[in-house]
Amino acid sequence: MAKAAHHMGTYHVRARQIREQANASPVTICWRCGLRLDQHPPTKTGRPPRWTAGHVEDDNGNHTGHLAPEANTCNFTEGARKGNRLRADVPRYSEVL
């Protein structure tokens, strides 16, 4: 299975480095909301939040752009919002007919 465009190239190496650096310091803050990991609420499943490498340039399609520490709760929530916005802009089949 092919990787998504934003996961090709050196993404996985850069993302691992970001996560390792974030996990090494308890004062790391989430670039999106400015909170430390211990200040984030648990996930919807009750698990503690964890660090991910968030794309700082979310809306411009820059898949090789800058990554920064981002709590998974912030990262995945924003990803869902972006996907929902994109889907809302696509005409429904019944609207095309």
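Quick caveat: nothing in here was measured; it's all calculated off a predicted structure. All values below come from the heavy atoms of this structure, side chains included, with hydrogens, waters and symmetry mates left out.
- Residues His55 and Arg32 share a closest heavy-atom pair of O-NH2, 4.2 Å.
- Using a 4.5 Å heavy-atom threshold, the side chains of His40 and Cys74 count as touching.
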Under 3.5 Å donor-acceptor pairs involving side-chain atoms of residues 16-26, not counting sequence neighbours:
residue, atom, partner, partner atom, Å
Asn23, ND2, Arg19, O, 3.0
Ser25, OG, Val27, N, 3.4

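- Side-chain contact between Thr28 and Arg36: absent, with no pair of heavy atoms (C-beta onward) separated by less than 4.5 Å.
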Below 3.5 Å, can you tabulate the donor-acceptor pairs from side chains in residues 45-54 to any protein atom, sequence neighbours excluded?
residue, atom, partner, partner atom, Å
Thr45, OG1, Thr43, OG1, 3.0
Thr52, OG1, Glu70, O, 2.7
Thr52, OG1, Asn75, ND2, 2.9

